[in-house]
Protein chains: 2
Amino acid sequence: MALKGREIILGILADGPHTGYEINEILQNQLAHFFDGSYGMIYPTLKKLSQDGLVTSQQITQTGKPNKNIFAITPAGQTAFQKAIVTPTDDETFKSDFLMRLYFSQYLSATDIHDFIQEEIQRKEAKLTRLTSQLTLWEEQGMTPVQKITYDYGVAYYTSTLKVLQEALLAYPATTD
Amino acid sequence: MALKGREIILGILADGPHTGYEINEILQNQLAHFFDGSYGMIYPTLKKLSQDGLVTSQQITQTGKPNKNIFAITPAGQTAFQKAIVTPTDDETFKSDFLMRLYFSQYLSATDIHDFIQEEIQRKEAKLTRLTSQLTLWEEQGMTPVQKITYDYGVAYYTSTLKVLQEALLAYPATTD
DNA sequence: GCGAACATGTAATTGGTTACATGATTCA
DNA sequence: TGAATCATGTAACCAATTACATGTTCGC
């Protein structure tokens with residue numbers, strides 16, 4: 001059974017207390033290439049976790065900034081997480097709208113295909129940059145050796161697929177610009 | 001807006017009539033590395049598409065094998081597909097339960113981490129084999145140049161990440177076997 | 001006798017996604 | 001003046017997922 005929002009948030013809080021906003025930052029900066037979370041998932045999950053006694057929250061009144069709720073894991077939450085982490089690993093699922101559309105694009109003109117691939121290259125380069133630019137900060141905050149593997153995995157994924165797309169581009173003429 | 005089951009099935013049928021079973025075969029053999037479909041999605045979608053007049057079905061009574069329903073796209077279905085294919089491309093989403101668990105596995109013993117990575121290597125090798133062993137058949141059935149890109153993308157993904165995992169393994173001692 | 005390949009379907013659940021709603025401060 | 005950063009939350013929706021349910025033939 002795959003780890004879901006519930007267990008993932010619990011896992012992040014197992015490492016120290018955080019606000020919903022900070023959890024989102026971690027998700028976007030470090031786990032974006034293998035998990036995708038949003039506020040619409042984070043806050044409701046945090047609320048439920050609180051109701052179930054797996055996390056506690058402490059409200060901090062701030063001046064100049066909005067108030068924040070700092071969430072911390074409880075012993076019951078720790079137990080729940082330890083239990084979840086030993087379940088069998090689920091298969092990965094990758095959904096690429098880009099590849100799906102490319103798969104069906106045989107009737108597009110060569111220049112349209114060129115532009116379509118070029119756009120994806122730009123998106124991927126931006127993602128790779130976001131990930132690599134985080135490395136130093138992440139290392140300073142404490143990056144475990146296993147986390148380094150997940151980082152290397154992401155870099156390898158972006159780099160290798162970027163190369164495929166760049167080579168594919170050569171077969172399709174650029175729009176004259 | 002991402003292409004969903006509905007549009008994907010429509011796209012497959014745009015290339016020729018198929019049964020639900022055959023659609024599943026295509027999904028598993030050619031698109032498995034960027035889409036994940038199952039019978040629980042295929043048959044209900046086909047039913048709905050039929051009700052909406054986007055596909056028609058013809059029942060074939062077979063002896064020796066179960067009866068089958070062959071689905072074909074209608075002009076209305078073709079129009080719906082053409083309309084869907086020109087919408088903006090959505091971001092890809094990759095969910096890896098393996099990377100998530102690895103990310104949280106700093107307290108596991110070195111041999112446990114070794115075994116955990118080793119298992120993922122085996123899963124990935126099996127997937128790579130499934131994909132590459134299809135190439136000849138796919139080419140014979142008619143593989144478009146754009147489809148070849150999606151194939152190369154899959155091979156590059158599996159190959160590059162497999163390499164990362166194999167290198168990572170060197171840091172963790174094998175269980176004595 | 002058993003597993004693989006062929007073949008189709010339903011019902012209940014659910015875990016998110018999307019869209020909406022608000023608002024201060026800082027920096028360019 | 002407007003974008004970015006910090007900050008939290010709800011309500012409606014829905015597209016699958018999971019589990020269940022059934023049955024034949026062919027080859028080993």
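All values below come from the heavy atoms of this structure, side chains included, with hydrogens, waters and symmetry mates left out. Lettering of chains follows the sequences in order, A, B, ..., and the numbering in each one begins at 1.
- Dashed line: the shortest gap from a side-chain N or O of A/N67 to OP1 or OP2 of D/dC6 is not under 4.0 Å.
- Judged purely by distance below 3.5 Å, without hydrogens or angles, the side chains of A/T150 and B/R101 never pair a donor atom with an acceptor atom.
- When distances are taken from the side chain of B/K47 to each of C/dG15, C/dT10, D/dT17, the shortest belongs to C/dT10.
- Relative to the side chain of A/K68, the nucleotides C/dT10, D/dA7, C/dT8 differ in distance, and D/dA7 lies closest.
- Following rounding to the nearest Å, B/M41 (CE) and C/dT14 (C1') show an atom-to-atom distance of 18 Å.
- The nearest whole Å value for the distance from the OH atom in A/Y39 to the P atom in C/dT22 is 18 Å.
- Candidate nucleotides C/dG16, D/dA16, D/dT10 were compared by shortest atom distance to the side chain of B/K95, and C/dG16 ranks first.
- B/N24 comes within 4.0 angstrom of nothing in the nucleic acid, heavy atoms only.
- At a threshold of 4.5 Å between non-hydrogen side-chain atoms, the residues B/K47 and B/Y43 do not count as touching.
- Side-chain contact of A/Y151 with A/Q134: a donor-acceptor pair under 3.5 Å is absent, judged by distance alone.
- Straight-line distance from the CD1 atom of A/I23 to the C1' atom of D/dG9: 14 Å, rounded to whole Å.
- Atom CD of A/Q58 and atom C1' of D/dA7 are 16 Å apart (whole Å).
- Residue B/T19 is classed as a sugar-phosphate contact, given heavy-atom separations below 4.0 Å to backbone atoms only.
- Closest to the side chain of B/Y43, out of C/dA7, D/dA16, C/dG15, is C/dA7.
- Aromatic pair A/F35/B/F94: centroids not less than 6.0 angstrom apart.
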Requested in this report: Report the C-alpha separation of B/I23 and B/I9 in whole Å, then their side-chain angles, then the decisive distance to 0.1 Å, and conclude whether the side chain to side chain contact (heavy atoms under 4.5 Å, CB included) test is met.
Outcome: CA-CA 7 Å; B/I23 291 171; B/I9 289 179; 4.0 Å; yes
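- Residue-level contact check: A/G40 touches the bases, meaning some heavy atom is under 4.0 Å from a base atom.
- Residue-level contact check: B/G37 touches neither bases nor backbone, having no heavy atom under 4.0 Å from any strand.
- The CE-C1' distance, from A/M1 to D/dA19, rounds to 16 Å in whole Å.
- Contact of the A/K83 side chain with the A/Q78 side chain is not registered, since no non-hydrogen atoms from C-beta on lie closer than 4.5 Å.
- Direction change of the helix axis from one end of the helix from C/dG1-D/dC28 to C/dA28-D/dT1 to the other is 50°, with five pairs defining each end axis (rounded to 10°).
- If you take CD of B/Q59 and P of C/dG9, they are 8 Å apart, rounded to a whole angstrom.
- Between D/dC6, C/dA5, C/dT17, one nucleotide has an atom nearer to the side chain of A/Y21 than all others, and that is D/dC6.
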Query raised in the report: What do the steps show when you test A/L165 against B/Y153 for side chain to side chain contact (heavy atoms under 4.5 Å, CB included), and what is the final call?
Result: CA-CA 8 Å; A/L165 298 185; B/Y153 190 107; 4.1 Å; yes
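- Summarising the geometry, the separation between NZ on B/K4 and P on D/dA16 is reported as 7 Å, rounded to the nearest angstrom.
- For B/F71, whose side chain is taken as the heavy atoms from C-beta onward, the closest listed nucleotide among C/dA7, C/dG9, D/dT8 is C/dG9.
- Across all strands shown, B/D90 has no heavy atoms under 4.0 Å from either base or sugar-phosphate atoms.
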